[in-house]
Amino acid sequence: MSEIKFVETKNLKAKPDVSKIGFGTHFTDYMFAMDYSPTDGWHDARIVPYEDIPMSPANATLHYGQAIFEGMKAYRNNGKAVVFRATDHLNRLNNSARILDIPQLPFDTIHKGLMKLIDIEKDWIPKDKGQSLYIRPFVFANDGILGVSVAKTYKFLIILSPVAAYYAHGFAPVKIMVESEYVRAVRGGLGAAKTPANYAASLHAGMIAHQKGYDQTLWLDGVERKYIEEVGSMNILFKINGEVITPSPELQTSILNGITHRTVMEIAKDWGIPTVERKISIDEVIQAYEDGTLEEVFGSGTAAVISPVGLLEYKGKEYVIGGGKIGEFSQKMYDYIEAIHVGEVEDKFNYIEVAGSY
Ligand SMILES: *Cc1c(COP(=O)(O)O)cnc(C)c1O
């Protein structure tokens, strides 16, 4: 493993009042960086002051989008600075790298780099309940050539941003529009990678959903427009007749294998609740609604952790779920995962990785 260089700065920023800032608007004093070239491979692992990066106007990522990212969070947990499922997130980054033909990152170096960065920046982890330090690792092609090809050079960075509690006004249900016109990803495409292209593909439909008064878009499969895929930046789960049912990232390669999704399924199993990952059609969901067996609908993702769905709109009709209130299971799951983050309950699944102590 290569050594990680540390370039110190005495010019430290004032920390903002996290409850008053938007998501991803403020960054910490340092970032982790590493470069890739065909001759040196991944090299020059370093923690350096957070700063702008010089870039060629012909930068391949700006033109062709060969880039991947991750999103995870650090918390204060009983006197320790911890990261939730860092290993799983970094392994998924390498899976996205494989899909985008980006050279595999050296796991040990990036994991050590992340933990060292969090330890250095631990005072940036906000103190109040629900707040956290958002971690954004990303890789992008760095060639300054307009020819279309797999790039030869890349840059890997990890930047950190303190974030407020996602639910500023309390844990609350969202309204979701089932998208039947646009598609985000199709099988054989990039849906299983955490890559900017999937977001670019979702912005226009998301804006229309917003204009119509909905919070987010629920994507159906791009081929038959029939099977449930996921919500823009969250996976989706249904509780029908006592069973937790969710689309399968193994069977449906156009959805992201969410780590919060995996967490929910592991905990639900531990609680003895029946769970299944399988294809589920929008018609099946509507039928369950009509039959009165659709108990709860909720999204899962690092940003919100759990996002209860209070209303689904599909083809001009609105379906109010559970009286528009938060379901019992969604609430219990949210509380439990939040308690694991900050060490209020035992971490029996070993999700917590310690970066440093206070
Ligand atoms: C990041 C992301 C998710 C959520 O994944 P987590 O690992 O739970 O944060 C879901 N869908 C998409 C498209 C994503 O980019």
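Side-chain atoms are counted along with the backbone in the values below, which use heavy atoms only and exclude waters and symmetry mates. Note that ligands are numbered from 1 as they come in the structure, with each ligand's atoms numbered from 1 the same way.
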So which heavy atom in the protein is nearest [atom], and how far is it from that ligand atom?
atom	value
atom 4 (C) of ligand 1	Ser233 O, 3.6 Å
atom 2 (C) of ligand 1	Lys194 NZ, 2.5 Å
atom 9 (O) of ligand 1	Thr302 OG1, 2.6 Å
atom 15 (O) of ligand 1	Tyr199 OH, 2.5 Å
atom 8 (O) of ligand 1	Thr260 OG1, 2.7 Å
atom 12 (C) of ligand 1	Glu230 OE1, 3.3 Å

Enumerated ligand 1 atoms positioned under 4.0 Å from heavy atoms of [X]:
X	value
Gly232	11 (N), 12 (C), 13 (C)
Gly301	4 (C), 8 (O), 9 (O)
Met234	10 (C), 11 (N)

Spell out, as yes or no, whether a donor-acceptor pair under 3.5 Å connects the side chain of [X] to the backbone of [Y].
X	Y	result
Lys73	Ala303	yes
Glu296	Phe329	yes
Ser357	Lys80	no

Tell me whether Val231 has any N or O atom under 3.5 angstrom from an N or O of ligand 1.
no
Does the N or O separation between His89 and ligand 1 drop below 3.5 Å for any pair?
no
Could you establish whether [X] and ligand 1 come within less than 4.0 Å of each other, counting only heavy atoms on the residue side?
X	result
Arg184	yes
Met72	no
Gly191	no

Evaluation steps, side-chain contact (heavy atoms from CB on, under 4.5 Å), between Ile255 and Asp221:
CA-CA 9 Å; Ile255 63 179; Asp221 77 280; over 6 Å; no
Do Asp335 and Gln331 have side-chain atoms, one donor and one acceptor, less than 3.5 Å apart?
yes
Pairing donors with acceptors under 3.5 angstrom, does anything connect the side chains of Glu318 and Tyr214?
yes
Who pairs with Asn95 by side chain to side chain donor-acceptor pair (under 3.5 Å), at least two apart in sequence or on another chain?
Arg98
Mind checking what makes side chain to side chain donor-acceptor pair (under 3.5 Å) contact with Gln104, not counting sequence neighbours?
none
Testing Tyr199, Phe156, Phe138, Tyr134 for ring-ring contact (aromatic ring centres under 6.0 Å, His included) with Phe69, which one passes?
Tyr199
Among Gly258, Gly71, Ala192, Ala185, which residue places a heavy atom closest to atom 5 (O) of ligand 1?
Gly258
NZ/NE/NH1/NH2 to OD/OE distance under 4.0 Å, Glu8 and Lys10
yes
